*Asks:* 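Pasting a structure below so you can have a look.
Computed from a predicted model, the values in this text were never measured in an experiment. Computed from heavy atoms alone, side chains included, the values below leave out hydrogens, waters and symmetry copies. Below, chains carry the letters A, B, ... as their sequence lines are ordered, and counting in each starts from 1.
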There are 2 protein chains.
Amino acid sequence: MEVKLPTFNSVFSIDCVIFGFEAGELKILLIERNEEPFKDWLALPGYIVEQDESIDNAAERILYELTGLRDLHMQQFHTFGEVNRHPQGRVITVAYYALIRINGQKEVKPVTQYAKNAFWHPVNDLPKLAFDHSEIFETGFNKIRRRLNYQPIAFELLPEKFTLTQLQSLYEAVLNKKLDKRNFRKKMLSYGFLKELDEKQKGVSYRAAKLYKFDRRKYTKIFQNDLNLDK
Amino acid sequence: MEVKLPTFNSVFSIDCVIFGFEAGELKILLIERNEEPFKDWLALPGYIVEQDESIDNAAERILYELTGLRDLHMQQFHTFGEVNRHPQGRVITVAYYALIRINGQKEVKPVTQYAKNAFWHPVNDLPKLAFDHSEIFETGFNKIRRRLNYQPIAFELLPEKFTLTQLQSLYEAVLNKKLDKRNFRKKMLSYGFLKELDEKQKGVSYRAAKLYKFDRRKYTKIFQNDLNLDK
DNA sequence: AATATAGTGTGTCAAATTTACACCATTAAA
DNA sequence: TTTAATGGTGTAAATTTGACACACTATATT
């Protein structure tokens with residue numbers, strides 16, 4: 001949003017809450033602003049929507065420019081349209097969340113200068129953000145918290161191959177509560193969309209855990225009735 | 001949306017899916033368009049957002065101008081931003097749903113000429129709508145279908161005093177499936193937010209049913225943990 | 001080689017919730 | 001008084017959820 005405001009009436013922007021999971025913590029990507037207003041504050045990455053791109057495309061473009069990543073799970077979750085949410089003029093913003101595999105094979109590197117100073121921040125220890133971005137974050141966090149149980153959100157945040165303990169630790173981070181190990185495993189495996197691999201965790205100094213993969217085809221088969229209930 | 005498009009870049013509008021429940025059917029309010037494009041087509045009521053009003057206020061204003069009603073349950077549910085969704089230029093629209101008591105005490109009468117020809121249409125028998133309004137409707141319908149179970153949506157659509165059979169019939173209309181009478185009642189009453197009145201249904205030619213009221217205070221007490229999970 | 005350390009992987013039982021299911025009661029109209 | 005229409009009610013089986021503890025395995029350390 002550090003772009004100069006055009007002179008015509010209202011401006012339309014996208015703001016992204018980019019979630020990642022690392023070291024047992026849920027994190028979001030924040031940038032440090034170089035310009036007024038809110039110079040030196042932390043903010044959600046965001047940008048203005050171009051004339052000739054859909055808002056979904058705009059969200060993907062902005063994410064790409066910031067992280068070099070494409071084809072991530074992105075989802076619009078709310079539009080913020082208070083008159084004075086931006087001190088320099090009327091800016092209506094559509095907020096998206098994106099889910100990233102921080103430990104995935106692809107690297108996160110900004111393509112533009114815009115994201116020079118983008119860093120991951122644990123969601124449990126966020127400072128007050130610029131504009132109404134704290135509220136946007138809260139809304140987005142609540143959204144994925146709720147969707148965790150009926151959309152395959154978790155598997156977008158984990159590496160392709162993961163252990164059940166990692167999966168549980170992600171659920172605990174998002175839901176912010178401890179879960180029972182045996183019950184969690186029983187439940188997850190009962191769905192039938194986790195594929196057990198013939199492979200084990202590597203590089204740990206204790207008994208290595210089995211690795212699993214998310215089987216998207218089975219998932220959609222199982223939940224095809226609910227599929228169209230979301231947007 | 002029959003307003004002339006301004007000449008600056010993008011236009012911002014609100015479209016409303018206005019739900020009502022009548023004669024055991026879920027219905028939405030549609031207008032017949034007088035102007036091109038989509039002259040004579042049915043469309044969702046919608047309007048352009050003014051410079052100095054928040055989108056929530058715009059939604060309330062538009063609803064008021066169309067129905068004469070205020071203080072209804074309204075909720076933004078999705079923003080539609082395809083480049084070519086409006087044939088005359090770039091129009092991004094925030095979609096809201098509104099819930100109306102068709103049989104309620106207040107009357108539905110349009111305040112502006114805009115809604116001269118607004119009629120209720122059963123959701124199960126809708127023609128193709130103007131623009132992308134069919135898609136907007138579907139998305140909104142799915143939204144309330146999902147929310148029915150964790151937000152007090154049903155009671156916004158029923159008269160203040162209602163019978164359990166009416167409540168069940170509303171659930172069946174929204175979820176599009178039959179429910180078991182005894183199990184439905186047991187469950188609903190077990191929540192504890194329905195207040196049994198000393199009053200009975202009137203004007204029916206069969207045994208009159210007990211009337212109930214929704215106790216919002218008890219509801220929020222019971223579900224206060226979930227409350228902040230939505231927006 | 002022995003031991004310490006750290007996390008893996010597993011089953012049962014009680015409680016709570018969900019589901020299936022049928023008949024008598026009441027009212028007004030004929 | 002009979003008919004038509006809907007109101008109102010309980011129980012038992014099946015399923016799901018929740019609580020709970022210990023032996024196993026791989027590596028690192030001594």
Side-chain angles (χ1 to χ4, degrees), chain A residues 21-25 103 146 148-150 154 158-159 161-213 222-223 225-226, chain B residues 21-25 103 146 148-150 154 158-159 161-213 222-223 225-226:
Chain A
F21 183 64
E22 192 184 34
E25 279 189 312
N103 302 314
R146 179 141 250 157
L148 185 64
N149 285 315
Y150 60 87
L158 290 174
K161 300 170 182 182
F162 52 85
T163 69
L164 291 179
T165 301
Q166 287 168 344
L167 184 60
Q168 178 175 348
S169 141
L170 172 54
Y171 269 75
E172 290 177 341
V174 175
L175 301 176
N176 195 29
K177 66 177 174 191
K178 282 277 163 202
L179 300 173
D180 178 271
K181 182 162 62 159
R182 278 179 289 192
N183 291 337
F184 180 82
R185 285 162 181 242
K186 202 191 322 176
K187 188 93 189 277
M188 274 297 157
L189 293 174
S190 78
Y191 289 133
F193 55 63
L194 291 185
K195 189 176 170 187
E196 186 181 326
L197 303 177
D198 286 333
E199 218 175 321
K200 298 209 163 180
Q201 210 176 13
K202 274 177 188 139
V204 290
S205 73
Y206 46 82
R207 175 178 178 182
K210 277 184 209 158
L211 289 172
Y212 290 80
K213 237 178 155 169
I222 295 167
F223 294 108
N225 297 332
D226 296 351
Chain B
F21 183 65
E22 192 183 36
E25 278 189 313
N103 302 313
R146 178 140 250 157
L148 185 65
N149 285 315
Y150 60 88
L158 291 174
K161 300 169 183 183
F162 52 85
T163 69
L164 291 179
T165 300
Q166 287 167 346
L167 184 60
Q168 179 176 347
S169 140
L170 171 54
Y171 270 74
E172 291 177 340
V174 175
L175 301 176
N176 194 30
K177 66 177 175 192
K178 281 277 165 203
L179 301 173
D180 178 89
K181 182 161 64 160
R182 276 178 291 192
N183 292 337
F184 180 82
R185 285 163 182 241
K186 201 192 322 176
K187 187 95 190 273
M188 274 297 157
L189 293 174
S190 78
Y191 289 131
F193 54 63
L194 292 184
K195 188 176 171 185
E196 185 181 328
L197 303 177
D198 287 333
E199 219 175 322
K200 298 208 163 182
Q201 210 177 11
K202 273 175 191 143
V204 289
S205 74
Y206 46 81
R207 175 178 176 184
K210 276 183 209 158
L211 289 171
Y212 290 81
K213 237 178 155 168
I222 296 167
F223 293 108
N225 296 332
D226 296 350

*Asks:* Dump the intermediate steps for side-chain contact (heavy atoms from CB on, under 4.5 Å) on A:Lys186 and A:Arg182, then the final yes or no.
*Replies:* CA-CA 6 Å; A:Lys186 202 191 322 176; A:Arg182 278 179 289 192; 5.6 Å; no
*Asks:* Taking it one step at a time, do B:Arg185 and B:Thr165 satisfy side chain to side chain donor-acceptor pair (under 3.5 Å)?
*Replies:* CA-CA 9 Å; B:Arg185 285 163 182 241; B:Thr165 300; 3.0 Å; yes
*Asks:* Tell me which residues in residues 189-204 of chain A put a heavy atom below 4.0 Å from DNA chain D, sorted by number, or none.
*Replies:*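 Close to the strand are A:Val204.
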*Asks:* Does the side chain of A:Ser205 get closer than 4.0 angstrom to OP1 or OP2 of D:dA28 through an N or O atom?
*Replies:* no
*Asks:* What is the distance from atom CG of A:Leu194 to atom NZ of A:Lys210, rounded to the nearest 0.5 Å?
*Replies:* 12.5 Å
*Asks:* Scan A:Thr165 against the nucleic acid and name what it touches under 4.0 Å (heavy atoms): base, sugar-phosphate only, or nothing.
*Replies:*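 Counting heavy atoms under 4.0 Å across all strands, the contact made by A:Thr165 is with sugar-phosphate only.
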*Asks:* Quick one: salt bridge (charged side-chain N to carboxylate O under 4.0 Å, His left out) partners of A:Glu25, sequence neighbours excluded?
*Replies:*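 With neighbours one apart ignored, the set is empty.
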*Asks:* Is the ring centre of B:Tyr171 less than 6.0 Å from the ring centre of B:Phe184?
*Replies:* yes
*Asks:* Considering all heavy atoms of both residues, which atom of A:Phe21 and which atom of A:Gln166 are nearest to each other, and what is their separation?
*Replies:* CE2-O, 4.1 Å
*Asks:* Near DNA chain D, counting only heavy atoms under 4.0 Å, which residues of residues 176-186 of chain B show up?
*Replies:*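 Contacts with DNA chain D under 4.0 Å: B:Lys181, B:Arg182, B:Arg185, B:Lys186.
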*Asks:* Could you tell me from which nucleotide to which nucleotide of DNA chain C, 5' to 3', there is an atom under 4.0 Å from chain B heavy atoms?
*Replies:*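 Using the under 4.0 Å cut-off, the span is C:dT18 to C:dA29.
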*Asks:* Do side-chain atoms of A:Gln201 reach the backbone of A:Ala209 as a donor and acceptor pair under 3.5 angstrom?
*Replies:* yes
*Asks:* On DNA chain D, check which nucleotide each of A:Tyr206 and A:Lys187 is closest to and give me the residue with the more 5' one.
*Replies:* A:Lys187
*Asks:* Rounded to whole angstroms, how far apart are NZ on B:Lys210 and C1' on D:dG8?
*Replies:*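 One finds 8 Å between C1' of D:dG8 and NZ of B:Lys210, rounded.
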*Asks:* Kindly indicate, with the supporting measurements, whether the criterion side-chain contact (heavy atoms from CB on, under 4.5 Å) is fulfilled by B:Asp198 and B:Leu211.
*Replies:* CA-CA 8 Å; B:Asp198 287 333; B:Leu211 289 171; over 6 Å; no
*Asks:* Which residues pass the side chain to side chain contact (heavy atoms under 4.5 Å, CB included) test with B:Lys177, not counting sequence neighbours?
*Replies:*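 Once residues adjacent in sequence are excluded, the partners of B:Lys177 under the side chain to side chain contact (heavy atoms under 4.5 Å, CB included) criterion are B:Leu175, B:Leu179.
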*Asks:* Which is more 5' along DNA chain C, the nucleotide nearest B:Ala208 or the one nearest A:Leu164? Just name the residue.
*Replies:* A:Leu164
*Asks:* Any chance you could measure B:Leu197, atom CG, to B:Lys195, atom NZ, to the nearest 0.5 Å?
*Replies:* 7.0 Å
*Asks:* Name all residues meeting the side chain to side chain contact (heavy atoms under 4.5 Å, CB included) criterion together with B:Asn176; count only those two or more places apart in sequence or in a different chain, and write none if there are none.
*Replies:*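 Applying side chain to side chain contact (heavy atoms under 4.5 Å, CB included) to B:Asn176 gives none.
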